[in-house]
Amino acid sequence: MGVVVTDAEVTLADVLSLRMAVADPLADGARLILRRRGTGEERRVTLEASGGRTRDASVAVSLEPLDLGPGRWDAYLDQNGVRVRIQSIDPGFSLDRLDAYALGRRTLAYRAYRTRNGFLALKIEPAQPVADVRAVWFREGRFEVTGLLAYTGLDDDDQHRHATLALRHNSPSHNSPSHNSPGHNSPGHNSSHRSDPGQGDPGHGDRGHIDPAATVRVAATVQGVRFHAALSLCDVLAATPDSQGSWEPYLEVDGVDHALPLGARLDDVEGKRRRVHYPHALVDGVPIRPSFTPGDELLLEVGA
């Protein structure tokens, strides 16, 4: 019994939609089985018979009622007592589809994809609002970034929203010098400023010692769900204690309850800290380089 998926998509309603070429028509009692890697946990869904002598079949399965937890789920077809792993020739990646899917407010994100060995699988992960990065560059002494607001529920329209890009300093150790010395201020630059300690934690995951007073802020542009922001690298260097450490960027947008970390999770490139490398810029002899955390969130590393 052979079965090959020619098109796989998780729709906006979290329905797994498959078009398959099958060696034998789907019979009564045929089941789609999703098996979770690592645990062997399974979900079984009875499929409608395709009937006749057709070798093509279409399947639509609502995923939410299956209570699938985060992880990787491999797909099998069970028919007439024979179970086979479902092959796929669909790469399972369309940035346009992923962008459209990410416009909704979700708690879980489902994605159908083809494994390295050519089989159908589902990737399921928690979905939290994020500013998904599409481009990063240094130009004319500035750090610039563009991207898409994902899982916020905002409309992809022409509305302009007030927004702020903020970078929060992450010291290399808990014993870093005080961030309040006069040498860390940058009064000569009006495009950004440091926040006062009363502004508190913006909601990022804590990585090392973080001083809420050491935050560089600048106005950002948000139109619909697209964002662009730029800030002076001189301001970043001037606010960096001992010219050493990293900065975590996040976006504050009117209409969104929490600050949005800048990450890159919608595409199919995982482990960006190992795979994506940017050139550095030299500011007063100090290197500044964009990079990613192990969780695919953006960083600006100073003195690295």
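Quick note: residue numbers are just sequence positions, from 1.
- Salt bridge absent: Arg43 and Glu64 never bring a charged side-chain N and a carboxylate O closer than 4.0 Å.
- For Asp90 (side chain) and Ala8 (main-chain N/O), a donor-acceptor pair under 3.5 Å exists by modelled atom type.
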Evaluation steps, side-chain contact (heavy atoms from CB on, under 4.5 Å), between Val45 and Ile33
CA-CA 6 Å; Val45 181; Ile33 299 176; over 6 Å; no

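- Tested against Leu32, the residues Thr46, Asp78, Ile86 include a single side-chain contact (heavy atoms from CB on, under 4.5 Å) partner, Ile86.
- Crowding of Asp284 atom CG: a count of heavy atoms from other residues, nucleotides or ligands under 6.0 Å not exceeding 12.
- The pair Arg85-Asp74 counts as a salt bridge, with a side-chain nitrogen and a carboxylate oxygen less than 4.0 angstrom apart.
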Could you go step by step and tell me if Glu9 and Arg97 meet the side-chain contact (heavy atoms from CB on, under 4.5 Å) rule?
CA-CA 9 Å; Glu9 176 189 5; Arg97 284 183 181 179; 3.4 Å; yes

Stepwise, does the side-chain contact (heavy atoms from CB on, under 4.5 Å) test hold for Leu63 with Val15?
CA-CA 6 Å; Leu63 296 174; Val15 171; over 6 Å; no

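- Grouping the Ile, Leu, Val, Met, Phe, Trp and Tyr side chains by contacts below 4.5 angstrom, directly or via other members, places Leu66 with Ile124.
- Ile89 and Tyr76 are not part of a single hydrophobic cluster, where members link through side-chain heavy atoms under 4.5 Å apart.
- Panel note: side chain Thr240, backbone Gln244; no donor-acceptor pair is recorded below 3.5 Å.
- Under a 3.5 Å cut-off, the side chain of Arg106 and the backbone N or O of Tyr101 do form a donor-acceptor pair.
- Placement of Val61 and Val4 in two distinct hydrophobic clusters is found when ILVMFWY residues are connected by side-chain heavy-atom separations under 4.5 Å, directly or transitively.
- Phe227 CZ to Leu260 CG: the interatomic distance, rounded to the nearest 0.5 Å, is 8.5 Å.
- Remark: the backbone N or O of Leu47 is not paired with any side-chain donor or acceptor of Arg31 at under 3.5 angstrom.
- Note on Arg273 versus Glu301: salt bridge recorded, some NZ/NE/NH1/NH2 to OD/OE distance being below 4.0 Å.
- In this structure, Arg161 contributes its side chain and Gly224 its backbone to a donor-acceptor pair below 3.5 Å.
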Would you check, one step at a time, whether the test side-chain contact (heavy atoms from CB on, under 4.5 Å) holds for Arg289 with Leu300?
CA-CA 6 Å; Arg289 184 194 308 272; Leu300 270 185; over 6 Å; no

Give the table of side-chain donor-acceptor pairs shorter than 3.5 Å for residues 147-154, with sequence neighbours excluded, one pair per line with atom names and distance.
{"unit_1": "Thr152", "atom_1": "OG1", "unit_2": "Leu154", "atom_2": "N", "d": "3.2"}

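- Between Asp155 and Arg226 there is no salt bridge, since no side-chain nitrogen of the basic residue lies less than 4.0 Å from a carboxylate oxygen of the acidic one.
- Using a 4.5 Å cut-off between side-chain heavy atoms of Ile, Leu, Val, Met, Phe, Trp and Tyr, with links allowed through other members, Trp247 and Leu282 fall into different hydrophobic clusters.
- When the side chains of ILVMFWY residues are joined at heavy-atom separations under 4.5 Å, either directly or via intervening members, Val130 and Leu299 end up in two distinct hydrophobic clusters.
- Applying the side chain to side chain donor-acceptor pair (under 3.5 Å) test to residues at least two apart or on different chains, the pairs with a partner in residues 121-131 are Lys123-Glu270.
- A side-chain donor-acceptor contact under 3.5 Å links Thr6 to the backbone of Arg19.
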Using residues 132-140 as the side-chain source, report each donor-acceptor pair under 3.5 Å to any protein atom, sequence neighbours left out, with the distance given to one decimal.
{"unit_1": "Asp132", "atom_1": "OD1", "unit_2": "Arg265", "atom_2": "N", "d": "2.9"}
{"unit_1": "Asp132", "atom_1": "OD1", "unit_2": "Leu266", "atom_2": "N", "d": "3.3"}
{"unit_1": "Asp132", "atom_1": "OD2", "unit_2": "Arg134", "atom_2": "NE", "d": "3.1"}
{"unit_1": "Asp132", "atom_1": "OD2", "unit_2": "Arg134", "atom_2": "NH2", "d": "3.3"}
{"unit_1": "Arg134", "atom_1": "NH1", "unit_2": "Asp99", "atom_2": "OD1", "d": "3.3"}
{"unit_1": "Arg134", "atom_1": "NH1", "unit_2": "Asp99", "atom_2": "OD2", "d": "3.2"}
{"unit_1": "Arg134", "atom_1": "NH2", "unit_2": "Asp99", "atom_2": "OD1", "d": "2.6"}
{"unit_1": "Arg139", "atom_1": "NE", "unit_2": "Glu144", "atom_2": "OE2", "d": "3.0"}
{"unit_1": "Arg139", "atom_1": "NH2", "unit_2": "Glu144", "atom_2": "OE1", "d": "3.0"}
{"unit_1": "Arg139", "atom_1": "NH2", "unit_2": "Glu144", "atom_2": "OE2", "d": "3.1"}

